[in-house]
K.L.:
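Would you mind keeping the following structure in view while I ask a few things?
Note that the numbering runs from 1 along the sequence shown for the chain.
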Amino acid sequence: MNGRTSARAKTAGKQTAQGGGETVEQQIKALHAELMEATLKHDPGFLEKYLADDYMAIRNDGKLTTKVQEIENYKSGVTKYESIEIREATMRIHGNTAIYNSLNSIKATINGRPFSGDVRNTRVWVKQNGSWKIVAFQATQVAPASE
């Protein structure tokens, strides 16, 4: 993924809130594309809107972060992504829950330190009061493939 999204993705929030007629898979893919765009633009607005109040993340370093901490990390520049390439992605739907797994090649600065490499992510989306929210996130660094 190159950080660009379609017009369809940019209106995912409206379509999701209104029921848009799209499948759950289409809604989550559009929201995920919007999340990637916001991440690369260092825009915390998406997080403010789509992270559940009880959101918890397990970061690549094993640290837990809450919604408030995650948003502050973006606003302060503690977490800053330069590029995200989604190399694999799968999704499973269980009622009002969507589990999105991906393998990403990323380049970022985290806590003032440059980071680049492959990371597997899991995001759990739950439909709450008619709107999709991310309730959980986990990132795990993947060791480079041996040549």
Side-chain angles (χ1 to χ4, degrees), residues 1-76 78-108 110-111 115-145:
M1 179 167 263
N2 59 13
R4 289 181 275 177
T5 61
S6 67
R8 169 180 238 129
K10 291 181 182 180
T11 61
K14 278 185 186 169
Q15 291 172 349
T16 300
Q18 297 169 352
E22 295 182 320
T23 67
V24 170
E25 291 87 354
Q26 290 169 324
Q27 291 175 25
I28 297 301
K29 283 180 183 178
L31 285 166
H32 194 268
E34 194 174 340
L35 169 61
M36 294 298 99
E37 182 178 340
T39 299
L40 290 169
K41 289 182 176 179
H42 318 294
D43 176 8
F46 185 92
L47 301 179
E48 291 168 345
K49 183 173 182 179
Y50 288 104
L51 295 185
D53 290 341
D54 62 349
Y55 169 87
M56 289 297 296
I58 302 171
R59 293 269 147 224
N60 196 37
D61 59 6
K63 292 182 180 173
L64 290 172
T65 58
T66 65
K67 176 181 181 174
V68 171
Q69 292 166 324
E70 194 87 338
I71 292 167
E72 183 54 35
N73 286 345
Y74 277 81
K75 286 181 177 179
S76 69
V78 166
T79 303
K80 189 170 185 174
Y81 288 87
E82 295 174 41
S83 66
I84 304 169
E85 177 190 350
I86 299 173
R87 296 185 27 221
E88 298 172 12
T90 60
M91 187 182 330
R92 296 183 323 269
I93 308 300
H94 300 279
N96 283 337
T97 302
I99 302 166
Y100 187 98
N101 296 100
S102 61
L103 172 61
N104 307 317
S105 292
I106 65 170
K107 191 171 190 177
I110 302 169
N111 294 318
F115 175 86
S116 64
D118 292 343
V119 177
R120 286 201 183 273
N121 293 329
T122 299
R123 280 189 180 80
V124 180
W125 294 81
V126 175
K127 197 161 199 179
Q128 298 176 342
N129 300 318
S131 182
W132 288 102
K133 300 286 184 176
I134 303 170
V135 297
F137 171 79
Q138 177 158 0
T140 303
Q141 187 173 354
V142 177

K.L.:
Determine the minimum heavy-atom distance between Trp132 and Asn96, stating which atoms define it.
P.N.:
CZ3-O, 3.4 Å

K.L.:
Taking only residues two or more places apart in sequence or in another chain, which ones pass side chain to side chain contact (heavy atoms under 4.5 Å, CB included) with Ser105?
P.N.:
Glu85, Arg87, Asp118

K.L.:
For a side-chain hydrogen bond (donor to acceptor under 3.5 Å, both in side chains) with Tyr55, tell me which candidate from Lys133, Lys67, Glu70 qualifies.
P.N.:
Glu70

K.L.:
Nearest 0.5 Å, please: how far is CE in Met56 from CD1 in Ile134?
P.N.:
14.5 Å

K.L.:
ring-ring contact (aromatic ring centres under 6.0 Å, His included) with Tyr81: which residues, sequence neighbours excluded?
P.N.:
none

K.L.:
Determine the minimum heavy-atom distance between Ala38 and Phe46, stating which atoms define it.
P.N.:
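Shortest heavy-atom contact: CB-CB, 3.7 Å.
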
K.L.:
Compute whether any side-chain donor of one residue and acceptor of the other, for Gln138 and Thr122, lie under 3.5 angstrom apart.
P.N.:
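No.
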
K.L.:
Donor-acceptor check, side chain of Asn60 to backbone of Gln141, threshold 3.5 angstrom: yes or no?
P.N.:
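Yes; at least one donor-acceptor contact below 3.5 Å.
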
K.L.:
State whether the number of non-hydrogen atoms from other residues, nucleotides or ligands found under 6.0 Å of Asp61 atom CG is greater than 12.
P.N.:
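Atom CG in Asp61 is packed in, count exceeds 12.
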
K.L.:
Ile110 and Phe115: which non-hydrogen atoms are nearest, and at how many Å?
P.N.:
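Shortest heavy-atom separation between Ile110 and Phe115 comes out as CD1-CB, 4.5 Å.
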
K.L.:
Taking C-beta and beyond as the side chain, do Ile58 and Leu64 meet within less than 4.5 Å on heavy atoms?
P.N.:
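Yes; the side chains approach each other to less than 4.5 Å.
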
K.L.:
Strictly below 4.0 Å, N to O, side chains only: are Glu22 and Lys29 in salt-bridge contact?
P.N.:
no

K.L.:
Any idea which heavy atoms bring Gln27 and Lys127 closest together, and the distance?
P.N.:
OE1-NZ, 4.0 Å

K.L.:
Show the nearest heavy-atom pair for residues Tyr74 and Pro44, with the distance to one decimal.
P.N.:
CB-CB, 4.2 Å

